[in-house]
Amino acid sequence: MDEPVRTLLLWCPDWPVLAAEIVDGVPATGSVAVLHANRVIACSERARAEGVRRGLRRREAQGRCPGLTVVDHDPGRDARAFEPVVAAVEEVAVGVEVIRPGACALAARGPSRYLGGEEAAAERIVEHVALSCAVESQVGVAAGVFAAGLAAREGRIVPPGGTPEFLAGQPVEALGRPALADLLRRLGVRTLGDFAALPAGDVLARFGFDGALAHRLAAGRDDRPLAARRPPVDLTVTADLDEPIDRIDVAAFAARTLAEQLHERLAGHGLACTRLGIEAVTAHGQELHRVWRHDGLLTAAAIADRVRWQLDGWLSGARRGGDRPARPTAGIVRLRLLPDGVLAQAGLQPGLWGETGAERERAHRALSRVQGLLGPEAVVTAVLGGGRSPADQTRLVPWGDERFPARPGGRRVGSGSAVPSWPGRLPPPSPAVVLPVPLAASVLDATGAPVVVSARLAVSAPPARLSIGTMPPQLAGPTPAPGSAPSATPSSAAALRGGTVGWVEIVGWAGPWPVDERWWAPAEARRRARFQVRLADGTALLLAVESGRWLVEAIYD
């Protein structure tokens with residue numbers, strides 16, 4: 001059996017207590033206990049001196065130490081407070097794996113070789129953590145993470161080849177499995193050496209998979225190698241300008257220089273940028289920020305163009321009028337480019353039929369230019385998704401943003417056809433034009449009475465005539481009498497542009513399709529019924545009845 005990798009593990013005693021001091025300001029020098037599920041999981045040294053131990057219930061711990069300060073367990077707080085400690089370790093040695101908040105490990109070979117041995121490496125790391133983070137820690141070195149963790153609690157460096165002997169003398173409680181340890185003690189197995197001497201097959205049959213894993217640890221065999229994390233690469237480029245920039249030509253020169261630096265840095269790591277963050281700081285301290293997205297790889301020229309366009313948009317400001325944001329109150333003194341989205345340079349597959357060709361690139365440049373001048377919301381495209389009404393199925397997103405639907409769409413069945421996953425969704429075909437604001441309408445039956453839809457979706461009479469909007473009295477005329485011929489009007493689809501349509505005969509209709517949405521939230525509840533109607537002039541409309549009012553929602557092609 002090969003011995004596991006020599007591991008150096010740094011352990012910070014009572015870390016949940018220290019994290020509460022770092023984040024919440026609870027003094028760790030006092031009597032402090034961290035509780036989870038009403039039991040103590042960590043306590044300070046002073047609390048231990050007064051009889052508080054891990055596993056005690058809250059009432060018993062407070063009975064032993066009346067002045068005990070109780071802190072609730074917060075894993076997020078522990079992790080956030082431990083991040084600076086890990087960063088300090090990475091300043092001395094790379095390849096650190098965070099075991100849990102309060103403990104991290106790395107292979108001992110590297111730091112021991114360039115720091116003059118394992119003992120010197122341990123002293124250097126402990127000292128650096130103390131100076132950088134004001135945190136006391138202990139280091140243990142042994143073969144494997146489990147053995148190194150036990151050695152760290154004693155501040156011990158186990159000599160090479162001595163890990164099995166070191167583990168053999170440890171009590172079974174060191175496995176961190178109270179139920180298993182209690183059972184082993186009742187069976188007469190008191191040390192890890194006694195446990196490791198048992199046949200592996202019998203351990204698996206008697207204690208299951210978790211017992212078999214504990215048996216491997218007791219024998220000095222880790223279940224997995226170190227999963228060392230790689231420190232993130234800082235790809236940000238910054239330019240501090242000698243003089244504030246308030247002219248577009250000077251800003252363009254600075255943008256190109258900074259873009260070339262960013263592109264070279266990305267290329268050095270084999271990366272390319274797909275989403276670029278542009279930040280600027282003015283002489284008055286005003287901070288400006290904008291994110292540009294691109295569905296291809298941003299070259300140095302493309303990065304420079306976007307930075308120049310954005311600076312032009314910022315520096316032009318309100319001088320061009322309209323609803324544009326006001327220009328900065330002072331010149332720009334700092335520029336920063338942040339590659340917010342990166343991937344391997346060969347990781348983007350071009351389109352098979354040239355979708356990413358020159359024409360598409362020219363269109364993208366033109367639309368991006370407009371965004372730089374007028375803002376990201378000036379150019380939007382539609383994204384189809386799920387929903388019950390046509391308006392719900394479309395979402396407008398700024399050009400270059402991720403084109404994700406706001407709601408999930410249909411699902412695929414075994415035959416490959418799409419089945420709507422939204423009950424109450426309109427059947428195909430979909431309308432060609434969806435009105436941004438539905439138009440009020442009037443629907444009459446053959447006798448001239450308004451058509452009413454009851455709460456049980458019963459239609460009072462077949463729809464016979466439709467009028468949209470309010471027309472001037474001299475043009476509208478009286479309501480048509482039953483049986484009279486429809487008035488000669490232009491196409492209703494064309495007349496809808498003006499928001500009004502005179503009385504038109506309905507020659508076909510279908511529905512109703514009911515929708516009762518968010519009934520559990522009275523403030524957001526919506527109940528309506530929809531109809532498809534075809535008019536005498538050939539126009540097809542999507543109507544809805546809501547709260548007794550008829551509305552025109554969309555037009556079919």
Side-chain angles (χ1 to χ4, degrees), residues 8-89 96 98-105 122-123 125-141 145-157 169-182 185 190 192:
L8 185 151
L9 188 141
L10 179 134
W11 172 62
C12 300
D14 307 325
W15 180 253
V17 177
L18 292 177
E21 180 181 41
I22 294 172
V23 177
D24 298 332
V26 180
T29 55
S31 299
V32 182
V34 179
L35 272 67
H36 177 63
N38 207 37
R39 289 188 180 273
V40 177
I41 62 171
C43 58
S44 64
E45 184 177 354
R46 184 171 176 180
R48 280 193 298 272
E50 298 187 28
V52 180
R53 295 290 183 271
R54 293 182 59 185
L56 290 181
R57 291 187 176 275
R58 179 188 187 124
R59 180 173 298 179
E60 184 177 357
Q62 290 177 330
R64 295 186 181 186
C65 179
L68 185 66
T69 301
V70 175
V71 179
D72 291 332
H73 178 48
D74 185 352
R77 176 188 62 207
D78 297 348
R80 291 192 303 272
F82 192 58
E83 178 61 27
V85 177
V86 180
V89 176
V96 179
V98 178
I99 307 300
R100 62 184 179 278
C104 59
E123 293 177 355
I125 291 175
V126 169
E127 180 182 4
H128 187 69
V129 169
L131 293 175
S132 302
C133 307
V135 171
E136 294 183 2
S137 59
Q138 297 178 190
V139 167
V141 181
V145 176
F146 175 68
L150 297 179
R153 295 180 179 273
E154 303 177 10
R156 179 176 175 181
I157 297 178
Q170 299 290 328
V172 291
E173 287 78 10
L175 292 170
R177 294 165 169 81
L180 177 62
D182 180 66
R185 280 201 171 274
R190 292 178 171 79
L192 296 185

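Note that the numbering runs from 1 along the sequence shown for the chain.
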Point-to-point distance, once rounded to the nearest 0.5 Å, from CH2 of Trp15 to CZ of Arg100:
12.5 Å
So which heavy atom on Leu192 is nearest to which on Ala174, and how close?
CD1-CB, 4.5 Å
Scanning both residues in full, the closest heavy-atom pair of Pro101 with Phe82 reads CA-CD2, 4.0 Å
Between Cys12 and Gln138, is any pair of side-chain heavy atoms under 4.5 Å apart?
no
Separation of Ser137 OG from His128 NE2 (nearest 0.5 Å)
11.0 Å
Interatomic spacing from CG in Asp14 to CZ in Arg54 - rounded to 0.5 Å:
9.5 Å
Between Leu175 and Arg177, which heavy-atom pair has the shortest distance, and what is it?
O-NH1, 3.1 Å
Could you walk me through whether Ile99 and Cys104 satisfy the side chain to side chain contact (heavy atoms under 4.5 Å, CB included) test, starting with their C-alpha distance in whole Å, then the side-chain angles of each, then the deciding distance to 0.1 Å, before giving a yes or no?
CA-CA 5 Å; Ile99 307 300; Cys104 59; 5.5 Å; no
Spacing of Cys65 atom SG and Glu60 atom CD [to the nearest 0.5 Å]
12.5 Å
Heavy-atom closest pair, residues Ala19 and Asp78
CB-OD1, 3.4 Å
Correct closest heavy-atom pair for Ala61 and Val52 would be O-CG2, 4.0 Å
Any chance you could lay out the side chain to side chain contact (heavy atoms under 4.5 Å, CB included) test for Glu136 and Val126, step after step, and finish with the verdict?
CA-CA 8 Å; Glu136 294 183 2; Val126 169; over 6 Å; no
Any side-chain heavy-atom pair from Pro178 and Glu173 closer than 4.5 angstrom?
no
Is there a side-chain contact between Gln62 and Val70, using heavy atoms and a 4.5 Å cut-off?
yes
Could you list the donor-acceptor pairs under 3.5 angstrom formed between side-chain atoms of residues 22-45 and any protein atom two or more places apart in sequence or on another chain?
{"from": "Asp24", "atom 1": "OD2", "to": "Arg77", "atom 2": "NH1", "distance (Å)": "3.1"}
{"from": "Ser31", "atom 1": "OG", "to": "Glu50", "atom 2": "OE2", "distance (Å)": "3.4"}
{"from": "Arg39", "atom 1": "NH1", "to": "Gly55", "atom 2": "O", "distance (Å)": "2.7"}
{"from": "Ser44", "atom 1": "OG", "to": "Gly30", "atom 2": "O", "distance (Å)": "2.6"}
{"from": "Ser44", "atom 1": "OG", "to": "Val32", "atom 2": "N", "distance (Å)": "3.1"}
{"from": "Ser44", "atom 1": "OG", "to": "Ala47", "atom 2": "N", "distance (Å)": "3.4"}

Rounded to the nearest 0.5 Å, how far does CZ of Arg153 lie from CD of Gln170?
10.5 Å
Please find the pair of heavy atoms, one from Val129 and one from Ala88, that lie closest to each other, and give the distance.
CG2-CB, 4.4 Å
Should Val139 and Leu8 be marked as a side chain to side chain contact (heavy atoms under 4.5 Å, CB included) after you check the CA-CA gap, both sets of side-chain angles, and the distance that decides it?
CA-CA 7 Å; Val139 167; Leu8 185 151; 3.6 Å; yes
Calculate, to the nearest 0.5 Å, the distance between atoms CG and CD1 belonging to Leu10 and Ile125 respectively.
7.0 Å
Are the side chain of Arg156 and the backbone N or O of Ala151 linked by a donor-acceptor pair below 3.5 Å?
no
Would you say CZ of Arg57 has more than 12 non-hydrogen atoms from neighbouring residues, nucleotides or ligands within 6.0 angstrom?
no
